[in-house]
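Please read all numbers here as calculations on a predicted model, not as lab measurements. So you know, we letter chains A, B, ... as the sequences are listed, proteins then strands, and number each from 1. The figures that follow rest on heavy atoms only: side chains count, while hydrogens, waters and symmetry mates do not.
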There are 4 protein chains.
Amino acid sequence: MVRRQARGQQRIAEILDAALALFAEVGYAAASTNAIAARAGISPGSLYQFFRNKEEIAQALSERLVDALRTAHADAFADRDVVELPLAELVERMTDPLIGFNVANPGAKALFGNTDMPAALAAATRPLHEAVTGRVAAVLAARSPQLSDAEAVRYATVAVHIVRALMGPIVAASEGEREVLIGELRRALVGYLAPIDALSV
Amino acid sequence: MVRRQARGQQRIAEILDAALALFAEVGYAAASTNAIAARAGISPGSLYQFFRNKEEIAQALSERLVDALRTAHADAFADRDVVELPLAELVERMTDPLIGFNVANPGAKALFGNTDMPAALAAATRPLHEAVTGRVAAVLAARSPQLSDAEAVRYATVAVHIVRALMGPIVAASEGEREVLIGELRRALVGYLAPIDALSV
Amino acid sequence: MVRRQARGQQRIAEILDAALALFAEVGYAAASTNAIAARAGISPGSLYQFFRNKEEIAQALSERLVDALRTAHADAFADRDVVELPLAELVERMTDPLIGFNVANPGAKALFGNTDMPAALAAATRPLHEAVTGRVAAVLAARSPQLSDAEAVRYATVAVHIVRALMGPIVAASEGEREVLIGELRRALVGYLAPIDALSV
Amino acid sequence: MVRRQARGQQRIAEILDAALALFAEVGYAAASTNAIAARAGISPGSLYQFFRNKEEIAQALSERLVDALRTAHADAFADRDVVELPLAELVERMTDPLIGFNVANPGAKALFGNTDMPAALAAATRPLHEAVTGRVAAVLAARSPQLSDAEAVRYATVAVHIVRALMGPIVAASEGEREVLIGELRRALVGYLAPIDALSV
DNA sequence: GATGAATGAGTCTTCATTCAT
DNA sequence: GATGAATGAAGACTCATTCAT
């Protein structure tokens, strides 16, 4: 039984890998479930044994991203606390794992870096976006206790949108150009956040 | 003959209106040509008398946006020159017509505010993006002559991405929330551009 | 009024020219009436002022072929009578104008050299085929009075089918190869007809 | 699994049967894939599980014909060798299975007896025509070793065209008329081939 | 007579999803 | 659980033909 579930988990992982890879290549809409199944080495019917529909795949993938990001985030702040860092370094530490993940999994763009998704996809990826935004809001609130919840969320939302907007170009850029763009992204974030960051003077 | 062509022009306008409205509701991919035709009050065949394929509709729509933006931009700077304004006001003047247009035509988001388009759409809307980015780059270069071309284009690209990223939320927001978001957008742009704007000391 | 009709006749001729040219390039089925009209330099509506439907164009074209062939045939036997010639020369004289016409108007293949036409086309071109077959049958009967009508028609039908079958390759062949194929066609016809030709000993 | 594939093979056969029947009735161009599917008792989507497009159906059908003809040909010469027969009997033995097959499957005319095909069909059926012509050329060469390859192929091509040309009438004819036409076809072939057949004195 | 927009059924093909085995 | 055939509603696009001007 454990064996069973283990195999099931592996199948699920394989499907998600296949989906992510396909999303990277052709985008969410153009990635057919049959193609995902084929790339995962299973039959279409089997795919539907694990996911009720295409949307659920995106959902599961989103959850996987949430987990990965949670871990990365925790790692990034393992040694120092969020309130001890200068803003520039904070931005760097928060931004780096996100970029790293997206560069490593370009398919994530379809879930994270997309601004105009079909309604279904938007719904499926909402938890991902909320998780990311929530974490950022928490950090901002921690550093600037005078912020209301609404303000923290608003600033976080804007900041996350900026990150998402530049993720596409960053992932698509050549090695060299990428560094430059990452620099610009950080500069934009610092420029935006400095005025509302209590720890920045 | 003139009558004919006048009617033709009107049909084209009606089709583009219908397409824009549908794009606003369901996005580019989900807007079927048959649905566009139906909404324009014509038959599918008629649509193809004016556009060779779906992509061409997006293209024509893009051109319409380019024209509208060119006009709006010219109007915005009719009285004062680009190099005479403080950065904050410059941002406001450049940003306002864009926002106004997008709020009035929410379908524009599918063409302008989208980050992950099907290849065909991306090709069709490239001129639009280049026109917008080019205009911004020109303004930046005019204010900061020490910038290389590449730098001007890079800063403009990033700035435009930021605008596009926030256009979705701005358009979707309620009246009140919208103003707040617009304020944040401006703050983000000023924060990003001030360090490289020669006129901002 | 005469002027009117003259212009009408010319329009008809232009349409038929356009149709023939298009048939040559893409075949009957793929030649759209709109394309024919465009190539004739008129509007689709105008085309239907002269022909009630696509089939009628093929019909008119067939009639034109019938006329052309009648003339060519008459010319070919202006100096000598059909019963005075050796079979080989007879075949040559009957075959030459047909080949000449088809080489000059490759579109004719769609009407004459086709074996498996849509029912409508077959009906429209029947008169053409009957005219050609009828003429051949008449010649055969003139030379071999002992043939019954049915026999003359049957031999003529087979002979014409052979000609049609080889017309495609002949028209498509290069200059040099063409002569060889024409030779083979003649040999085939002579071989087939000699046994039933009273004048061939 | 074997069961599965067996069913697949049967479906393919059913589709090809349906296609052949429809081709017989309305020709290749007018036979829609939906109609083929309907006649095969399946949905349009199912058809595309076995064939990537309409052309591939024609291709598969051609291959089926090639196989059937190969078998028939082999049977026809099981007892005697090709070089031992008088020309008239050779013609009969080569011609009979072809006629038999076409009479039994009148749709074959669309693939085999057609002279003016859409480009796609022509490509799909080339192997069929080459197989038939090749076999005839081989027989001619075996009987007349002095023939060059080019000559053998040329004579074979012409002979096959003659057969194709008369196949339509033969298939369409009534029982009685058919025999007569078959006789004429043989006579035509013998008349054409006798002069170049070394074994016919 | 001419124009060209309009029609709408029909074409090939795709794809998310289901179901018998 | 797995398989892969089956489904059928769309989708983009075409084309012979009609009709208002």
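At least one donor-acceptor pair under 3.5 Å links the side chain of K54(A) to the backbone N or O of A31(A). A donor-acceptor distance shorter than 3.5 angstrom exists from the side chain of S32(C) to the backbone of A35(C), with no hydrogens or angles considered. In this structure a side-chain-to-backbone donor-acceptor pair under 3.5 Å is missing from Q59(A) to E55(A).
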- Task: Test side-chain contact (heavy atoms from CB on, under 4.5 Å) on F23(B) and N105(B) and set out the steps.
- Result: CA-CA 10 Å; F23(B) 288 173; N105(B) 305 86; over 6 Å; no

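What separates CZ of R11(D) from C1' of dA20(E) is a distance of 12 Å, to the nearest Å. In this structure, CG of L47(A) is placed 17 Å from P of dC19(E), rounded to the nearest angstrom.
The side chain of S46(B) contributes an N or O atom lying less than 4.0 Å from OP1 or OP2 of dT7(E). For the OP1/OP2 pair of dT7(F) and a distance below 4.0 Å, the side-chain nitrogens and oxygens of S43(D) include at least one atom meeting the criterion.
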All N/O donor-acceptor pairs, side-chain side in residues 42-50 of chain B, below 3.5 Å, sequence neighbours left out:
residue	atom	partner	partner atom	Å
S43(B)	OG	S46(B)	N	3.4
S43(B)	OG	S46(B)	OG	3.2
Y48(B)	OH	T33(B)	OG1	3.4

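Nearest nucleotide to the I42(C) side chain, out of dA5(E), dT3(E), dA6(F): dT3(E). In this structure, of dT7(F), dA2(E), dT3(F), it is dT3(F) that holds the atom nearest to the side chain of Q49(A).
Residue contacts shown for F51(A) are absent, as no nucleic acid heavy atom lies under 4.0 Å away.
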Under 3.5 Å, N/O pairs linking protein and nucleotides 9-13 of chain F:
residue	atom	partner	partner atom	Å
dA12(F)	OP1	K54(B)	NZ	3.1
dA12(F)	OP2	T33(B)	N	2.7
dA12(F)	OP2	T33(B)	OG1	3.3
dC13(F)	OP2	Y48(B)	OH	2.9
dC13(F)	OP2	K54(B)	N	3.0

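Listed in residue order, the members of residues 12-23 of chain A having a heavy atom less than 4.0 Å from DNA chain F come to none.
For the salt bridge (Lys or Arg N to Asp or Glu O under 4.0 Å) condition, the pairs that include at least one residue of residues 15-36 of chain B, sequence neighbours left out, are D17(B)-R64(B), E25(B)-R39(B).
In this structure D67(B) satisfies the side chain to side chain donor-acceptor pair (under 3.5 Å) test together with R70(B), sequence neighbours excluded.
Annotation for L121(B) and A110(B): closest pair CD1-O, 3.8 Å, computed over non-hydrogen atoms.
Residues L16(D) and F51(D) are in side-chain contact: their nearest non-hydrogen atoms beyond the backbone lie under 4.5 Å apart. Side-chain contact between R11(B) and E14(B) is present, with at least one heavy-atom pair separated by less than 4.5 Å. The side-chain heavy atoms of R164(B) and H129(B), taken from C-beta on, include a pair separated by under 4.5 Å.
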- For DNA chain F, what dot-bracket results from Watson-Crick or G-U pairs at under 3.5 Å, with [ ] for crossers and | for inter-strand partners? .||||||||||||||||||||

